[in-house]
Enquirer: 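Take this structure, written in structure tokens, and hold onto it; I'll ask about it next.
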2 protein chains.
Amino acid sequence: MMTGHTMKLQQLRFVSEIAKQHLNISRAALALHTSQPGVSKQIRQLEEELGVEIFARSGKHLSHLTAAGETILAHADEVLRQVSAIKAIALEHADKNAGTLGIATTHTQSRYVLPPVIGRFIGKFPRVALQLHQGSPVQISELAANGTADFAIATEALEQFSDLVMMPCYYWNRAILLPRDHPLAAGSTLSIADLARFPLVTYTFGFTGRSRLDEAFKQHGLAPNVVFTAADADVIKTYVRLGLGVGIVADMAHEADKDSDLIAIDASHLFAPSLTSIGFRRGMHLRSYMIEFIEMFAPHLSRGVIESCALTQNTQERKALLAELTVPRYADLLTVAD
Amino acid sequence: MMTGHTMKLQQLRFVSEIAKQHLNISRAALALHTSQPGVSKQIRQLEEELGVEIFARSGKHLSHLTAAGETILAHADEVLRQVSAIKAIALEHADKNAGTLGIATTHTQSRYVLPPVIGRFIGKFPRVALQLHQGSPVQISELAANGTADFAIATEALEQFSDLVMMPCYYWNRAILLPRDHPLAAGSTLSIADLARFPLVTYTFGFTGRSRLDEAFKQHGLAPNVVFTAADADVIKTYVRLGLGVGIVADMAHEADKDSDLIAIDASHLFAPSLTSIGFRRGMHLRSYMIEFIEMFAPHLSRGVIESCALTQNTQERKALLAELTVPRYADLLTVAD
DNA sequence: CGAAGTTACGGATGCCGTAATGATG
DNA sequence: CATCATTACGGCATCCGTAACTTCG
């Protein structure tokens, strides 16, 4: 018989993973829990069947994707997306209300914003196992993009991943936290210049809208004296309490009851608002409880809008869809929820 | 080890083909050149792996698709489209200018319209093997939809197939063909009523815009006396020459030189114009010579427009794209070509 | 020499085809 | 009883993992 060698899904997985692993077959094999030689051979078989090289070799290394490979990769990824959609659909129909939900997000979200949402969620979907992954915005994006998590929720650096569909959830701003005996606690309305005069304690760069903060100072030609940074507000508050400096945190992080020993001053007149978004892989099948989660988290995102976004290939169209939404501010969400 | 049973492309092919064959596994097996038991078993395995029934069984028959099956089918079809795109891409890169081009069309097109186009095409692409499939409009659609042909070119009944992307090529109308000694040959401008008074020879219903013709008579409350119908204009002309009646054929079918023994009268004032379109499977990868073929056939369709249409999922958007085109009349195409 | 890809080989999985069985109208 | 799906079974391809080889920096 002829060596018909009909294309296999595995082979497409291999192609995709090799590309994802920067053309390193060994890494790809590792990531897919299989052997290097197996991957290598399947790739060669696929290339033989297609009659085209997908990867260009220089010596014993894969140097780059060929032109054909570039295009094939895009289609292979699409195939894999569809396949995982099929699996998700099957789960959906096997049991609408059971499954898993992986959320990758930052400390701010998981510590302050998500608890009430997740509380309601597990109340309604007790048989959905929740996994919370915490990390930097970049890590979060990767977790969502590679399927470790279903959703990414964060404020910064998520738009870069073209594989992710991002939807706006709410605008928020900062709160200034002061010890009760701090000089600024007495003053009237705060200015950027006031802040620049004191040591500051805030988020590490890349976290929770830190870049917006820097912009504001820069616009006024001021250099903030940031003496301490942390990735999470709990740590920041601790150091504010020690008198190390003035805390600038997301307003979500201020808890009136537990932080009553600190003075909190709204700083929305000082900084441009930041936008927190939720994202998921393009073309991913959203299980119904996933959609409900989004609705709980961001009530202005309705099932219809979400599904349209999930299906729309074109980034421009998606933007148009989303532009019609009225995105709430976090403070307003709170009053509604209570 | 667990029986992991990873989903196979074959299984998706089976699902798709069974659905296409009206839920008849035997037919599907036949169509895919394999055995019924094999197909049956693979389907069960897939269903087992997914944990969902795709097909609902009533006794020993597949009665319908389950809800899950409906959705899964759509994704399976998409996977298969992508896979065939990958194959086409490979061919494309293996040799840009070699391959095959299957065109399914009617007699009118293949006999009168296509010859000059195909002449130019094989001049430019001598290493592309051309296959011309002839059939009724419905057959043509099926040939294109199931991949036997790459293109469908026809006037009627192509819009129904949601799997096909149709693009308008040209408007055309009818010519009246008369023997030189026919009474109508002497008269001035012809009317529908004139035609109704004589026996007519024209296309069989369902071919080459026949329905437009019937409409015109019906609008005037007239019943045409169609004494003979054929699927092709050559046959019609033959019978006109025998004096059997007045011929009504597509204007493309009138050849001034070869039909000089007949009187030809333009009938565009009597009938509404018909539109000939070219179509291909949605999402199909168009090889570059295929795009050039379309450009040769319908110069107003540029590569950019064609590719946009091929990629656009949404039917509405496609309509919008096409609405901006100026579709020429066949007669005008001729003068440009010469 | 270390890291990475390819070749060689053996075992086990699993696909497919033939034949037999069961169910349905 | 004819049609169609499922079960049973055996052969054969092929996929994968281990081990040895090669090539490049």
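Naming convention: chains lettered A, B, ... in sequence-line order (proteins, then strands); numbering from 1 in each chain. Both backbone and side-chain heavy atoms feed into the values below; hydrogens, waters and symmetry mates do not.
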Enquirer: Can you tell me if B:Gln45 and B:Glu49 form a side-chain donor-acceptor pair at under 3.5 Å?
Expert: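 No donor-acceptor contact under 3.5 Å links the two side chains.
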Enquirer: How bent is the helix from C:dC1-D:dG25 to C:dG25-D:dC1, comparing axes over its five end pairs at each side, to the nearest 10°?
Expert: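 It comes to 30° between the two terminal axes.
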Enquirer: Give the rounded distance in Å between these two atoms: CG of A:Leu62 and C1' of C:dA4.
Expert: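 Nearest whole value for this atom pair: 9 Å.
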Enquirer: Do the non-hydrogen side-chain atoms of B:Leu101 and B:Phe125 ever get within less than 4.5 Å of each other?
Expert: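 The answer is no, as the side chains (C-beta and beyond) never meet within the 4.5 Å cut-off.
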Enquirer: Could you tell me the separation between the CZ atom of B:Arg27 and the C1' atom of D:dT3, rounded to a whole number of Å?
Expert: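 Answer to the nearest Å: 11 Å.
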Enquirer: Tell me whether the side-chain N/O atoms of B:Arg57 come closer than 4.0 Å to OP1 or OP2 in D:dT6.
Expert: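 Indeed, a polar side-chain atom of B:Arg57 lies that close.
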Enquirer: Please check the phosphate of D:dT6 (OP1 and OP2 only) for any side-chain N or O of B:Ser40 closer than 4.0 Å.
Expert: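 For D:dT6, OP1 or OP2 has a side-chain N or O of B:Ser40 closer than 4.0 Å.
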Enquirer: Using 0.5 Å steps for rounding, measure from the NE2 atom of B:His75 to the CD atom of A:Gln82.
Expert: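 Atom-to-atom, B:His75:NE2 and A:Gln82:CD are 5.5 Å apart.
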Enquirer: Roughly how far apart are A:Thr100 OG1 and A:Met290 CE, rounded to 0.5 Å?
Expert: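 Answer rounded to 0.5 Å: 6.0 Å.
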Enquirer: Would you mind classifying the nucleic acid contact of B:Leu32 as base, sugar-phosphate or nothing, using non-hydrogen atoms under 4.0 angstrom?
Expert: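 Nothing, no heavy atom under 4.0 Å.
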Enquirer: Is B:Glu307 salt-bridged to B:Arg303, going by a charged N under 4.0 Å from an acidic O?
Expert: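 Yes, charged N to carboxylate O under 4.0 Å.
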Enquirer: In whole Å, I'd like the distance from the CD atom of B:Gln21 to the C1' atom of D:dA5.
Expert: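 Between C1' of D:dA5 and CD of B:Gln21: 16 Å.
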Enquirer: OP1, OP2 of D:dA5 versus side-chain N and O of B:Asn24: anything below 4.0 Å?
Expert: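 Yes, because at least one side-chain N or O of B:Asn24 sits under 4.0 Å from OP1 or OP2 of D:dA5.
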Enquirer: Sugar-phosphate means primed atoms, P, OP1 and OP2; the rest is base. With that split, encode nucleotides 15-25 of chain D 5' to 3' as B, S or - using protein heavy atoms under 4.0 Å.
Expert: SSBBB---SS-
Enquirer: Between atom CD1 in B:Ile25 and atom C1' in D:dT3, what is the gap in whole Å?
Expert: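 Rounded to the whole Å, the gap is 13 Å.
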Enquirer: Rounded to whole angstrom units, what separation is found between the CG atom of B:Leu46 and the P atom of D:dA5?
Expert: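 Checked: the CG to P distance equals 17 Å.
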Enquirer: For the pair B:Arg44 and B:Glu53, find out whether any cationic side-chain nitrogen is under 4.0 Å from an anionic carboxylate oxygen.
Expert: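 Yes.
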Enquirer: Could you state the atom-to-atom distance from CD of A:Glu53 to C1' of C:dT6 in whole Å?
Expert: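 Checked: the CD to C1' distance equals 13 Å.
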Enquirer: How long is the straight-line distance from CZ of B:Phe14 back to CG of B:Leu32, given to the nearest 0.5 Å?
Expert: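 Spacing of CG (B:Leu32) from CZ (B:Phe14) equals 6.0 Å.
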Enquirer: Distance check: side-chain N/O of B:Arg44 vs OP1/OP2 of D:dA5, anything under 4.0 Å?
Expert: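 Indeed not, no polar side-chain atom of B:Arg44 lies that close.
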Enquirer: Do you know which of B:Ile103, B:Leu164, B:Thr106, B:Ile153 makes side-chain contact (heavy atoms from CB on, under 4.5 Å) with B:Ile140?
Expert: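 Result: among B:Ile103, B:Leu164, B:Thr106, B:Ile153, B:Thr106 is the only option passing the side-chain contact (heavy atoms from CB on, under 4.5 Å) with B:Ile140.
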Enquirer: Whole angstrom is fine here: how far is it from CG in A:Leu30 over to P in C:dG5?
Expert: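 After rounding, the reported distance stands at 12 Å.
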Enquirer: Parallel, tilted or perpendicular: which fits the ring planes of A:Phe293 and A:Phe121, with parallel below 30° and perpendicular above 60°?
Expert: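 Ring orientation of A:Phe293 relative to A:Phe121: perpendicular.
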Enquirer: Rounded to the nearest angstrom, tell me the gap between atom CD1 in A:Ile43 and atom P in C:dA4.
Expert: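 Value for this atom pair: 17 Å.
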